[in-house]
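One structure is given below, encoded as structure tokens.
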Amino acid sequence: MSFSSIYRTHHCNELGSEHLGQSVRLSGWVNSSRNLGGLIFIDLRDREGITQLFIDPELSPELAAKAKEIREEWVLAVAGTVRARPPEMINSSRKTGAIELELTELEILNRAKAMPYHLEDPSSSEDLRLKYRYLDMRRSGLLDNLRLRHKVSKIIRDVFDANGFIEVETPILSKSTPEGARDYLVPSRVHPGCFYALPQAPQQYKQLLMVGGAEKYFQIARCFRDEDLRADRQPEFTQVDLEMSFVEQDQIIDIVEQLLSAVMENVLNIEVPRPFRRMTWKEAMCKYGSDKPDLRFALELQDISDIFKHSQFKAFSSALEQGGVIMALKAEGQAQNCSRKMLDQFTETARLYGAKGLVWLKVEVDMSLSGSAAKFIGDEERAELLRQLQANGGDLILIVADTWKVACESLGRVRIQLAEFAGLIREKEFNFLWVTEFPLLEWDEDNQRFAAVHHPFTSPMDEDRQLLQSKPGEVRAKAYDIVLNGVELGGGSIRIHNPELQAQMFNCLGISDQEAQLLFGHILEAFSFGAPPHGGLAIGLDRLVMLLSGAKSIRDVIAFPKTTKASCLMSNSPSVVNPTQLAELGLRLATPAQNPEDS
RNA sequence: GGGGUUGUAGCGCAAUUGGUUAGAGCAUCGCCCUGUCACGGCGAAGGUUGCGGGUUCGAGUCCCGUCAAUCCCGCCA
């Protein structure tokens, strides 16, 4: 790679003892300057590193005069001679620390105002850093994350290419569909009253590419969802999207494992054992209380309903009477470590996720039980509980009695909190996991109908097809998620390519033939012209890079992210627009505009 | 839509729990300094305590509302 131009012959992390005596040119920003009166030092920084510049005012008074006014972050082009530092002045913490550049020329390419905040201060508030994102990039390590992201994208493209995939761009101006997330809408000028939607995912296009015979498609695709944000959710984000024809689940899984292991090997130099572990959704929920379990620590939930079939304890008996379950989590040796305050926090977590409460029991040295509900537990129940959980003195037992879903999920959250508290998580591990056999449909209480867990084109498992009419809630889907360290990295499914099955699916979802035609007519028509069996998957690129870089938020791996209120502090978007723009689009505001800038 | 945290000088923080003129550091500006590397020394300037109400003789501090950032719940096929 050549850096050579009229501005520089080398970059700022390049010069060393082997360049002694050479005349070179450098350009960059002033990282810091130290004027000692009789000597002037300037640390010049470019994206590669820092080189110390040196001026002796006695030898070059005109350079010294210029250097005197130089401030942080000014842009300089300099020329000089590489010379060795005195041995005791070598800075071993810097690659270029053995040398310095004795200047013969100094050009100020640009001045800079005083920085709005200390660029290297990691405690700087995030809103300032977002407002001055371009300054944040200079020193905070953000640029390193963007480089890492570039590297990941590059490897992904290489692996896809080597496997015969074609990268295809699909439209950003797309069609709104009622399922799923809220759409971002774009008004059409030529069709007054009509709107495009920004894609939540390239889902339909990629299936149409399969009908078109592309067979192996991928795209690093921007997706848009107008929902409330989180540390791991931005209104626009990037998916590594893929789709293949004439395949079943195993071929999709294989290519994704190739992608991820290549990324791990090339980016972090970590070899990931393949094939990745697989687990059914049911097992994940029962054992870990999550559809994206973190397997960097053990701690499995256990169903202890049978032990308490005749329990006198009302919290247990009423849950069972209502068809619920009693789930338990045993934390080895944690009875002493967990203070009352900690147990209260666990209880709060369980409640946050819908549980009515959390029962905790400490196993004493004599194998008796103490804790909130100990007195409601009979001797026989106690013995059976300790036997099933293989509990010993000093263990802590946490119990939730509720509906199956609430009991598993709430205790699953407690499981994570407990692991963090007790330091059980193997932090350095990258634990990949496939979760398979997701349910196809989920009962939607609000709308009193079944809704697709994945999306309406997901194929049911062949052996469960006959349950579609009788027990829709029990049908499993050919759907699979890839999970890394408790984070859902991506998911996909084998799609329905058979028109009758698709009609049956719409029927289950309560979508009439007419509605289906209106919403999905184009894709249904496409499928009627000979659709190949196909399936695919999408990986959240932002989340993947976040995990690889160790960042706490996907904002740290996105060049210009938005805040939790979906605004950009740097450009002040969104903003009000000119009335003529609205008029052109045939739009009139029902509520007065509230420009975030004004408030 | 709901809950938590935070908001004091350009920046990150302090202010003895309601009591005099809101402080020191970094940055800025001026002067000094020959081996620094977050150089150092001396000096100056810098404030409507996010905003709006309220309680009080007195509010940065207590109360209510509001705005912003952030974390979480709902939501995210």
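Here is how names work: the chains are called A, B, and so on, in the same order as the sequence lines, proteins then strands, and each is numbered from 1.
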Check nucleotides 69-74 of chain B for protein N or O atoms closer than 3.5 Å to its own N or O atoms and list the pairs.
from, atom 1, to, atom 2, distance (Å)
B:A69, OP1, A:T563, OG1, 3.0
B:A69, OP1, A:S567, OG, 3.4
B:U70, OP2, A:T564, N, 2.7
B:U70, OP2, A:T564, OG1, 2.4
B:U70, O3', A:R555, NH2, 3.1
B:C71, OP1, A:R555, NH1, 3.4
B:C71, OP1, A:R555, NH2, 2.7
B:C71, OP2, A:R555, NH1, 3.4
B:C72, OP2, A:A231, N, 3.2
B:C73, OP1, A:Y353, OH, 2.8
B:C73, OP2, A:R230, NE, 2.8
B:C73, OP2, A:R230, NH2, 3.3
B:G74, N7, A:R230, NH2, 2.9
B:G74, O6, A:R230, NH1, 3.0
B:G74, N1, A:D228, OD2, 2.7
B:G74, N2, A:D228, OD2, 3.2

Nearest whole angstrom, please: distance from the P of B:A27 to the OH of A:Y132. 19 Å
How close or far is atom P of B:C29 from atom CD of A:E69, stated in whole angstroms? 11 Å
Could you measure between the two C1' atoms, the one in B:A45 and the one in B:C31, and give it in whole Å? 15 Å
Sequence neighbours excluded - salt bridge (Lys or Arg N to Asp or Glu O under 4.0 Å) pairs with any residue from residues 62-71 of chain A: A:E69-A:R111
A:L128 CG - B:G7 C1' separation (whole Å): 12 Å
Would you give a per-nucleotide map of nucleotides 36-50 of chain B, 5' to 3', where B means the base has a protein non-hydrogen atom under 4.0 Å away, S means only the sugar-phosphate does, and - means neither? BBBB-----------
Restricting to pairs with a member in residues 198-207 of chain A, which pass salt bridge (Lys or Arg N to Asp or Glu O under 4.0 Å), not counting sequence neighbours? A:K206-A:D241, A:K206-A:E243
In numerical order, the residues of residues 484-496 of chain A whose heavy atoms come under 4.0 Å of RNA chain B are none
Within this structure, what is the CD-to-C1' distance between A:E72 and B:A27, rounded to whole angstrom? 8 Å
Just how far, in rounded Å, is P of B:U34 from CG of A:L59? 14 Å
Whole-Å distance separating the CZ atom of A:R129 from the P atom of B:G12: 11 Å
Check whether any side-chain heavy atom of A:Q234 lies under 4.5 Å from a side-chain heavy atom of A:D542, and answer yes or no. no
Applying salt bridge (Lys or Arg N to Asp or Glu O under 4.0 Å), can you list everything that pairs with A:R413, at least two apart in sequence or on another chain? none
Any side-chain donor near an acceptor of the partner, A:Q219 and A:T170, under 3.5 Å: yes
Are any of the side-chain nitrogens in A:D136 or A:R133 under 4.0 Å away from the carboxylate oxygens of its partner? yes
Please report the distance, rounded to the nearest Å, between NZ in A:K68 and P in B:C29. 13 Å
If we count only N and O atoms by modelled type, under 3.5 Å, do the side chains of A:H455 and A:R495 hold a donor and an acceptor together? yes
